[in-house]
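Notes to accompany the following structure.
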Protein chains: 2
Amino acid sequence: MPASLPPSATVEVRDRCICFRTQRAARALARRFDAAFRSFGITQGQFSLMMSLNRDQPPAMGEVAAFLAMDRTTLTAALKPLVRRGLVLTSADPKDTRARRLSLTDEGRMLLAEALPVWRDEHDAVDRLLALEGGLDLEALHSGIGVLGQQNIERSK
Amino acid sequence: MPASLPPSATVEVRDRCICFRTQRAARALARRFDAAFRSFGITQGQFSLMMSLNRDQPPAMGEVAAFLAMDRTTLTAALKPLVRRGLVLTSADPKDTRARRLSLTDEGRMLLAEALPVWRDEHDAVDRLLALEGGLDLEALHSGIGVLGQQNIERSK
DNA sequence: ATAATATACGTTGATATCAACATAAATATA
DNA sequence: TATATTTATGTTGATATCAACGTATATTAT
């Protein structure tokens with residue numbers, strides 16, 4: 001006799017699942033910021049990725065993937081359109097032939113500089129939206145989401 | 001003369017962007033729950049989607065997409081493997097020929113019933129992980145993420 | 001020095017995600 | 001009733017996401 005699935009189970013998952021809620025929030029926020037960046041021809045993911053490359057020392061792929069809590073191979077795929085458009089540059093590391101260093105091109109840096117005020121405006125708008133919801137602790141929300149993204153991404157060997 | 005992009009901009013985005021943080025958290029959590037559900041051959045997204053179909057009245061696609069804060073067309077694509085595997089059934093609405101009602105098959109319901117305790121275990125594990133972080137307001141985190149996912153998803157006409 | 005292990009990355013295949021475009025049916029308006 | 005509008009959905013193309021598998025290089029152990 002097969003186990004049944006009471007409606008209470010659905011309610012339990014809907015009301016408690018942090019994973020579901022986060023995926024849902026991620027979709028909603030992605031649509032918002034994607035729309036904001038559309039005139040630049042980039043997505044929020046591309047904005048975040050490129051922004052993480054704005055360092056003195058060009059980081060290797062592994063470092064960037066870890067910082068983004070993203071699978072290594074996802075990063076490889078995500079770089080393709082950016083490299084193709086000349087926004088990002090990959091170069092070999094002279095010290096370690098295996099590693100690939102990632103850096104912004106001048107064009108990429110310029111695009112980010114132009115998109116930055118748009119990001120600020122959109123972020124302010126979201127902050128205002130959240131402020132309208134009474135009794136929402138934004139500090140706790142922010143730090144909590146931060147912690148959620150800091151789990152490591154090691155693959156079992 | 002092109003605008004420059006100071007390192008402080010990178011830090012500002014890294015430390016403040018709720019969108020970035022949420023995407024990052026969504027990836028980390030998805031990997032975790034995907035791994036937990038792997039023996040059932042489903043992902044966390046498929047679990048959430050199927051769970052949202054466990055109702056008396058089979059919901060139409062639009063309702064489900066709105067509930068998941070997911071684009072309509074994403075839902076269409078996400079249903080394909082589930083229908084193919086016989087876990088979900090789509091049927092025409094006699095009252096409205098345009099609408100397609102979504103329901104779980106017995107097999108789908110059975111799979112969810114078996115996966116439910118695994119979900120509980122994994123969720124408890126995440127809760128414990130978060131509890132280890134001092135000074136984290138889980139209630140505030142949970143409700144805040146909930147609000148973030150409740151933005152509407154209307155397309156401009 | 002050689003073998004074993006670990007590290008850094010790529011490719012392929014499947015699903016997830018959404019915009020742009022398109023169709024058909026229901027509803028409202030004239 | 002005929003037309004216009006709205007609603008519910010599908011298709012295509014591009015990017016995002018990750019697991020499984022594979023390759024080459026660096027490091028460690030023998």
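Quick note on labels: first sequence line is chain A, next is B, and so on, each numbered from 1.
- The side chain to side chain donor-acceptor pair (under 3.5 Å) check on B:R100 picks up B:T90, with sequence neighbours excluded.
- The CD atom of B:Q44 sits 11 Å away from the C1' atom of D:dC18 (whole-angstrom rounding).
- Atom CG in A:L29 sits roughly 15 Å away from atom C1' in C:dC18 (whole-Å rounding).
- Within residues 95-104 of chain A, the residues having any heavy atom under 4.0 Å from DNA chain D are, by residue number, A:D96, A:T97, A:R98.
- Remark: B:H142 engages no residue in a ring pair (Phe, Tyr, Trp, His ring centres under 6.0 Å) (not counting sequence neighbours).
- Atom C1' of nucleotide D:dA20 and atom CZ of A:R72 are separated by 11 Å, given to the nearest angstrom.
- Nucleotide D:dC18 holds its P atom 7 Å from the CE atom of A:M70, rounded to whole Å.
- Annotation: side chain of A:L148 is in contact with side chain of B:L141 (closest heavy-atom distance under 4.5 Å).
- With sequence neighbours left out, A:R55 forms a salt bridge (Lys or Arg N to Asp or Glu O under 4.0 Å) with no residue at all.
- Neither OP1 nor OP2 of D:dT9 sits under 4.0 Å from any side-chain N or O of B:T76.
- Residues passing the side-chain contact (heavy atoms from CB on, under 4.5 Å) test with B:S143 are A:L136, sequence neighbours excluded.
- For residues 76-118 of chain B, the set of pairs meeting the ring pair (Phe, Tyr, Trp, His ring centres under 6.0 Å) definition, not counting sequence neighbours, is empty.
- What separates CD1 of A:I42 from P of C:dT17 is a distance of 21 Å, to the nearest Å.
- When the salt bridge (Lys or Arg N to Asp or Glu O under 4.0 Å) test is applied to A:D96, the partners found at least two apart in sequence or on another chain are A:R98.
- A salt bridge links B:R101 with B:E63: at least one charged nitrogen is closer than 4.0 Å to a carboxylate oxygen.
- For B:R38 and D:dA19, the shortest distance from a side-chain N or O to OP1 or OP2 is below 4.0 Å.
- Distance, B:F37 CZ to D:dC18 P: 17 Å, rounded to whole Å.
- Put simply, B:R31 has no side-chain N or O that comes within less than 4.0 Å of OP1 or OP2 on D:dT17.
- Straight-line distance from the CZ atom of A:R32 to the P atom of C:dA19: 14 Å, rounded to whole Å.
- For A:R85, the salt bridge (Lys or Arg N to Asp or Glu O under 4.0 Å) criterion is met by no residue, not counting sequence neighbours.
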What pairs of nitrogen or oxygen atoms, one from the protein and one from nucleotides 12-15 of chain C, lie under 3.5 Å apart?
residue: C:dT15; atom: OP1; partner: B:R84; partner atom: NH1; Å: 3.2

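- In terms of the side chain to side chain donor-acceptor pair (under 3.5 Å) criterion, B:D34 has no residue partners (sequence neighbours excluded).
- Atom pair B:F33:CZ and D:dT17:C1' shows a separation of 18 Å (rounding to whole Å applied).
- Sorted by first and then second residue, the pairs that involve residues 57-95 of chain A and meet ring pair (Phe, Tyr, Trp, His ring centres under 6.0 Å), not counting sequence neighbours, are A:F67-B:F20.
- Within residues 53-62 of chain A, the residues having any heavy atom under 4.0 Å from DNA chain C are, by residue number, A:A60, A:M61, A:G62.
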